[in-house]
Amino acid sequence: RGNGYAWVSAPPIEREVFSEENGWTIESVSQEGIIDMRGEYVVPLQEESAEEGYSGEYFGGRDTGIITLGTLAFSVADGVLLPEKWEYLPWIDHKSTLVAAYGEDDTEMGFVDRRSGEVIIDFLYSVSNVKFCEGYVLLTNAEDGGYNLINEAGQAFILPDGYELDWCSGFSEGLMPIYSTESGLYGFCDQEGTLKIEAIFEAVDAFREGYASICVNGIWGHIDKTGNIIVPPMFDSEAYRFENGLAVLHGENEDMVISP
């Protein structure tokens, strides 16, 4: 598979199974495992197929992620077979040592060390999404769609007074969008919890290559990391993030490619 490991399939085995409809019958069951380049099993043969993660064939990427097979999980980067007692989830980041998992009751989520399977953050969360961002974990609550932001030790991030996480993409380039409960506008804070860019924008996007798109009076432009406007708001639809020094702005009648 290009990362030193390969899925293998052994000849199927036959076993007796019982159902009320058919009574005892013979069922053919396939077996799959994962081997390394020496032909040794790193994940023993399982009577289930390997799951495909949302990021390629493995959760978190081909060379850095987690392979799941049956009830087992294998950390590719660390060469470690993780404990079978957790149900591992497809939320992982190659820069983090954490991987999301359900606890033994399969109802609440926590995080375990991808190298040892040791519980690092207790199984306390009911979430619909997880995002790793620059040493923090952004959790989207399953019940109300709200957010919790914790560091990789499980400690809650403290926001500036009067601010909350309304729409949030987490930290990007050291800054994070936050929402003023008084004005209903957006600004940015740093990883110390200090307000760095005043909440004066109707909407914002995350920083990319030192710039973020912002909305004023329904019109979009860009600011730099000091809050200075570098592209005056001029287009009706959201400005795209910078990539390789360029960004695209879409208007009703024309599009524009800009550089800062």
Side-chain angles (χ1 to χ4, degrees), residues 1-17 26-140 150-154 170-172:
R1 294 291 180 172
N3 61 0
Y5 303 99
W7 274 305
V8 294
S9 179
I13 59 175
E14 293 185 343
R15 64 182 179 189
E16 286 188 312
V17 295
I26 300 298
E27 179 184 60
S28 181
V29 180
S30 64
Q31 301 180 94
E32 293 185 3
I34 299 168
I35 60 173
D36 61 19
M37 296 180 68
R38 298 170 296 179
E40 298 180 357
Y41 282 100
V42 295
V43 177
L45 289 172
Q46 304 290 301
E47 295 180 6
E48 294 185 44
S49 296
E51 297 182 9
E52 292 190 1
Y54 66 89
S55 179
E57 294 171 320
Y58 315 118
F59 299 147
R62 178 184 295 275
D63 298 314
T64 58
I66 297 291
I67 303 172
T68 62
L69 184 57
T71 59
L72 300 179
F74 179 73
S75 175
V76 175
D78 307 297
V80 174
L81 184 63
L82 296 171
E84 188 174 354
K85 60 183 176 180
W86 312 129
E87 178 184 348
Y88 299 96
L89 300 170
W91 290 312
I92 191 170
D93 184 88
H94 71 277
K95 297 179 181 178
S96 174
T97 60
L98 300 182
V99 58
Y102 279 131
E104 294 177 342
D105 60 1
D106 287 342
T107 59
E108 294 182 319
M109 189 208 72
F111 292 87
V112 301
D113 190 311
R114 59 184 292 172
R115 300 161 299 186
S116 66
E118 177 187 358
V119 177
I120 303 300
I121 299 175
D122 285 337
F123 303 104
L124 301 173
Y125 301 97
S126 175
V127 305
S128 60
N129 193 48
V130 173
K131 180 180 180 182
F132 291 88
C133 51
E134 300 183 358
Y136 289 87
V137 185
L138 181 66
L139 307 172
T140 304
I150 58 177
N151 64 20
E152 294 197 5
F171 282 106
S172 177

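Here the structure is a predicted model, which is why all the values come from computation and not from measurement. Quick note: residue numbers are just sequence positions, from 1.
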Return the set of residues passing side chain to side chain contact (heavy atoms under 4.5 Å, CB included) with [X] (not counting sequence neighbours), or none when no residue passes.
X	result
Glu27	Arg15, Val17, Val29
Ser116	Asp113, Glu118
Glu14	Ile26
Tyr102	Glu87, Leu89, Asp106, Met109

Which atom names give the shortest non-hydrogen contact between Ala10 and Leu45, and what distance separates them?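 For Ala10 and Leu45, the tightest heavy-atom pair comes out as CB-CD1, 3.7 Å.
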
For the student: nearest non-hydrogen atoms of Pro83 and Gly117, plus distance: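 Reported closest heavy-atom pair: CD-CA, 3.5 Å.
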
According to the interplanar angle, ranging from 0 to 90°, do the rings of Phe132 and Phe111 count as parallel (below 30°), tilted (30 to 60°) or perpendicular (above 60°)?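 It falls in the perpendicular class, over 60°.
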
Who pairs with [X] by side chain to side chain donor-acceptor pair (under 3.5 Å), at least two apart in sequence or on another chain?
X	result
Ser96	Glu152
Asp36	Arg38
Ser128	none
Glu134	Gln191

Pairing residues for Phe74 by the ring-ring contact (aromatic ring centres under 6.0 Å, His included) criterion, not counting sequence neighbours: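 Residues passing ring-ring contact (aromatic ring centres under 6.0 Å, His included) with Phe74: Tyr5.
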
Nearest-0.5 Å distance that lies between atom CG in Leu98 and atom CZ in Arg115: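 The CG atom of Leu98 sits 8.5 Å away from the CZ atom of Arg115.
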
Separation between CG of Leu124 and CG of Leu139, rounded to the nearest 0.5 Å: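 So the CG of Leu124 and the CG of Leu139 are separated by 10.5 Å.
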
Would you say Ile121 and Ile150 make side-chain contact, with heavy atoms under 4.5 Å?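 Ile121 vs Ile150: side chains touch.
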
Phe123 vs Trp86, side-chain contact (heavy atoms from CB on, under 4.5 Å): CA-CA, chis, key distance, verdict: CA-CA 11 Å; Phe123 303 104; Trp86 312 129; 3.7 Å; yes

Begin from the C-alpha positions of Val127 and Trp91 and carry the test side-chain contact (heavy atoms from CB on, under 4.5 Å) through to its verdict. CA-CA 11 Å; Val127 305; Trp91 290 312; 4.0 Å; yes

What do the steps show when you test Val43 against Leu81 for side-chain contact (heavy atoms from CB on, under 4.5 Å), and what is the final call? CA-CA 7 Å; Val43 177; Leu81 184 63; 3.8 Å; yes

